[in-house]
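In what follows, a single structure is set out as structure tokens and then discussed.
Chain identifiers are assigned alphabetically (A, B, ...) following the order of the sequence lines, protein sequences preceding nucleic acid strands; residue numbering begins at 1 within each chain.
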2 protein chains.
Amino acid sequence: MDCRTDHGRSIKRIGAAECVHCPVRERGLLGQADANGMMAIRANVDILRFPVRTRIYAEKSAGEYVYSIRSGLVKLEQQSGDGRARIVRLATPGTTLGLELLFGASYRHTALVLHSTDLCRIPVRLLRTLRDDQKELCDSVLRHMQQNIDAADFEITQLSTGTAQARIARLLLHLSADNATDARQWIMREDIAGLLGVTLETVSRTISDMKRRGLITEEQHHFVFDRPELERIANC
Amino acid sequence: MDCRTDHGRSIKRIGAAECVHCPVRERGLLGQADANGMMAIRANVDILRFPVRTRIYAEKSAGEYVYSIRSGLVKLEQQSGDGRARIVRLATPGTTLGLELLFGASYRHTALVLHSTDLCRIPVRLLRTLRDDQKELCDSVLRHMQQNIDAADFEITQLSTGTAQARIARLLLHLSADNATDARQWIMREDIAGLLGVTLETVSRTISDMKRRGLITEEQHHFVFDRPELERIANC
DNA sequence: CGGTCCTTTGAGGTTGATCAACGCGAGTGG
DNA sequence: CCACTCGCGTTGATCAACCTCAAAGGACCG
């Protein structure tokens with residue numbers, strides 16, 4: 001059965017959540033649940049697939065679900081002081097979105113899909129119930145909040161500080177665990193710009209320049225880096 | 001009895017924590033504890049007074065205390081990409097510092113006192129113990145983490161976005177609940193700069209300019225604002 | 001093959017960083 | 001009491017970084 005978001009794109013239901021088979025079980029929000037918890041999860045948590053450019057939820061809208069990312073890439077935007085959208089952070093598999101619902105009725109960000117994303121849709125109600133008799137879950141929630149804080153701090157100190165060149169170098173290094181980035185973690189110029197607080201053109205110019213200088217080789221949405229040199233630039 | 005910080009300034013112990021008399025009890029971390037909890041708190045939590053410019057803790061240093069701010073103002077710095085210190089957020093009464101210790105051994109930020117600050121020094125160990133038999137406390141911790149996240153997001157969308165003028169307008173409005181700011185919430189040019197990611201000189205120039213245009217009147221560390229006009233500027 | 005989406009590039013203007021000097025009030029010590 | 005210093009704020013000149021507006025190139029798709 002498919003369901004539809006408020007803006008009309010079709011979201012596929014993949015199945016019921018089975019933590020045992022979860023690709024991110026250790027890092028996920030509910031992975032540590034006990035047998036009783038698992039039962040409740042199977043009954044209440046669906047796995048959904050969101051295509052690129054769909055919205056998971058909107059800033060200031062009311063909601064009753066928290067989302068745990070199984071795969072894909074999501075950007076969290078918030079309206080900035082000048083009324084435009086500023087990307088506050090990227091969310092990767094293992095991250096939980098919407099935990100702010102534990103204390104308020106509405107989402108703090110607009111969550112938009114950058115790469116096709118599978119996520120577990122968890123009713124906040126379930127989270128509250130489970131928490132009452134499982135202190136491990138409370139721990140897990142805290143851990144995920146800390147993860148959000150760390151990501152926010154990273155955004156401030158690494159991605160909103162220094163020259164455009166340095167910010168880009170830091171982002172590229174951050175997005176790529178190893179020496180290359182595959183299409184999976186590719187994000188387009190506009191989103192890089194939104195994340196760094198610079199314009200799309202500046203991003204394009206800077207990356208082009210890095211390519212000319214041989215720091216970056218790009219082959220169909222796939223970067224290869226001169227990592228040491230990028231690190232040098234990142235530390236400026 | 002006084003104790004000394006690692007950098008030699010004397011920190012005064014004011015007394016044992018008595019939540020009943022706490023100026024920020026409703027907002028504080030432990031305010032909702034039950035009778036048993038109160039007893040444990042009295043025995044384990046001290047109230048300390050940190051003078052201006054003292055350090056509460058340092059980034060990456062190990063620690064075993066979480067701090068709940070009763071009064072004063074604290075800046076949280078983190079080393080930025082270029083090696084300099086970037087102010088990540090300001091912490092005001094009711095805020096809890098160092099909650100990251102619940103999951104790791106070391107602090108994420110350097111906490112520096114901007115205005116003389118009283119805080120409750122809470123052993124993380126106590127926090128863990130209390131949490132096991134009081135789910136309200138778990139809630140309280142989560143709430144405080146959410147508060148940190150909100151502050152971080154504010155820093156990104158409001159204070160690291162837009163022109164220097166707009167950022168300053170937003171900060172000034174944010175720091176002042178009402179039409180004026182008293183000396184209590186005054187912070188100096190250097191810290192405004194660190195918070196906004198601009199230079200001290202730019203802050204000075206911009207504020208001087210605002211004064212000349214009559215948007216701001218400053219009388220010994222005490223601003224009075226033309227609030228509507230500042231709000232107009234903030235939305236640019 | 002025409003259209004759409006993303007990226008690249010250019011020209012010109014603005015903003016803010018940098019370096020440097022000076023002002024000014026609050027201590028501090030002779 | 002005065003001279004000195006120190007911390008903080010202000011101001012100026014110059015230059016690099018970045019934004020804005022505009023146009024054009026390339027990839028992908030129906």
Side-chain angles (χ1 to χ4, degrees), chain A residues 51-54 75 80-84 86 112-115 159-172 183 186-213 215-223 233-234 236, chain B residues 51-54 75 80-86 112-115 159-172 181 183 186-213 216-223 233 236:
Chain A
V52 172
R53 262 180 294 280
T54 47
K75 64 175 170 182
S80 74
D82 55 5
R84 285 185 286 204
R86 168 83 193 240
L112 295 165
V113 175
L114 293 185
H115 303 151
L159 304 183
S160 297
T161 304
T163 64
Q165 206 191 37
R167 296 183 197 191
I168 288 174
R170 291 180 206 132
L171 178 63
L172 294 180
W186 174 265
I187 61 175
M188 62 187 210
R189 303 287 184 270
E190 185 180 349
D191 289 322
I192 296 178
L195 202 48
L196 304 181
V198 298
T199 57
L200 181 163
E201 293 94 327
T202 299
V203 173
S204 177
R205 267 186 256 271
T206 307
I207 290 184
S208 295
D209 189 54
M210 285 174 164
K211 282 194 271 191
R212 269 175 234 122
R213 290 193 286 156
L215 303 181
I216 294 179
T217 324
E218 187 187 2
E219 28 207 38
Q220 55 268 18
H221 293 184
H222 177 107
F223 280 139
I233 292 175
C236 287
Chain B
V52 172
R53 263 182 292 280
T54 47
K75 64 174 170 182
S80 75
D82 54 6
R84 283 185 287 204
R86 169 82 193 241
L112 295 165
V113 175
L114 293 185
H115 302 151
L159 304 184
S160 298
T161 305
T163 64
Q165 204 190 40
R167 297 183 196 191
I168 288 175
R170 290 180 206 132
L171 177 63
L172 294 180
T181 73
W186 172 264
I187 62 176
M188 62 185 209
R189 303 287 183 272
E190 184 181 349
D191 290 322
I192 296 178
L195 202 49
L196 304 180
V198 298
T199 56
L200 180 163
E201 294 94 328
T202 299
V203 173
S204 177
R205 267 187 256 272
T206 308
I207 290 184
S208 295
D209 189 54
M210 284 174 163
K211 283 193 270 189
R212 280 186 283 268
R213 288 193 286 155
I216 294 178
T217 324
E218 187 186 3
E219 28 208 38
Q220 55 268 20
H221 294 183
H222 177 107
F223 279 141
I233 291 174
C236 283

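- A/Arg205 has no side-chain polar atom (N or O) that falls below the 4.0 Å cut-off from OP1 or OP2 of C/dT9.
- For C/dA17, neither phosphate oxygen OP1 nor OP2 lies less than 4.0 angstrom from any side-chain nitrogen or oxygen of B/Arg84.
- Between B/Ser208 and D/dT11 there is a side-chain polar atom (N or O) within less than 4.0 angstrom of OP1 or OP2.
- Here the shortest heavy-atom pairing between A/Arg86 and A/Ser160 reads NH2-OG, 2.7 Å.
- Atom CE in B/Met210 sits roughly 16 Å away from atom C1' in D/dT10 (whole-Å rounding).
- For A/Arg189, taking side-chain heavy atoms from C-beta onward, the closest of the listed nucleotides C/dT7, C/dG16, C/dC6 is C/dT7.
- Contact detail for B/Val203 and B/Ile168: the closest heavy-atom pair is CA-CD1, 3.9 Å.
- Side-chain contact check for B/Thr202 and B/Arg167: no donor-acceptor pair (N or O, by modelled atom type) lies under 3.5 Å.
- For the pair A/Asp209 CG and D/dA16 C1', the computed distance is 14 Å after rounding to whole Å.
- At whole-Å resolution of the value, CD in B/Glu190 and P in C/dT18 are 14 Å apart.
- Set against D/dC8, C/dT8, D/dC19, the side chain of A/Thr202 has D/dC19 as its closest nucleotide.
- C/dC6 atom P lies 15 Å from atom CD of A/Glu218, rounded to whole Å.
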* **Criterion side-chain contact (heavy atoms from CB on, under 4.5 Å) on A/Lys75 and A/Ile187, from CA distance to verdict** => CA-CA 10 Å; A/Lys75 64 175 170 182; A/Ile187 61 175; over 6 Å; no

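- Across the protein-nucleic acid pair, B/Leu114 atom CG and D/dG7 atom P stand 17 Å apart, rounded to whole Å.
- Comment: A/Asp209 does not engage A/Arg205 in a salt bridge, judged by the lack of any side-chain N to carboxylate O separation of less than 4.0 angstrom.
- Considering only side-chain N and O atoms, A/Thr199 lies nowhere under 4.0 angstrom from the phosphate OP1 or OP2 of D/dC18.
- Close to D/dC8, at under 4.0 Å from its OP1 or OP2, lies a side-chain N or O of B/Arg53.
- Across D/dC18, D/dG12, D/dT10, the shortest atom-to-atom separation from the side chain of B/Leu200 is found for D/dT10.
- Counting to the nearest Å, the P atom of C/dA21 and the CD atom of B/Glu201 are 14 Å from each other.
- In this structure, CD1 of B/Ile207 is placed 15 Å from C1' of C/dG16, rounded to the nearest angstrom.
- For A/Arg167 and D/dC18, the shortest distance from a side-chain N or O to OP1 or OP2 is not below 4.0 Å.
- Here A/Ser204 lies in heavy-atom contact (under 4.0 Å) with a base.
- Rounded to whole Å, the distance from CH2 on A/Trp186 to C1' on D/dA27 is 13 Å.
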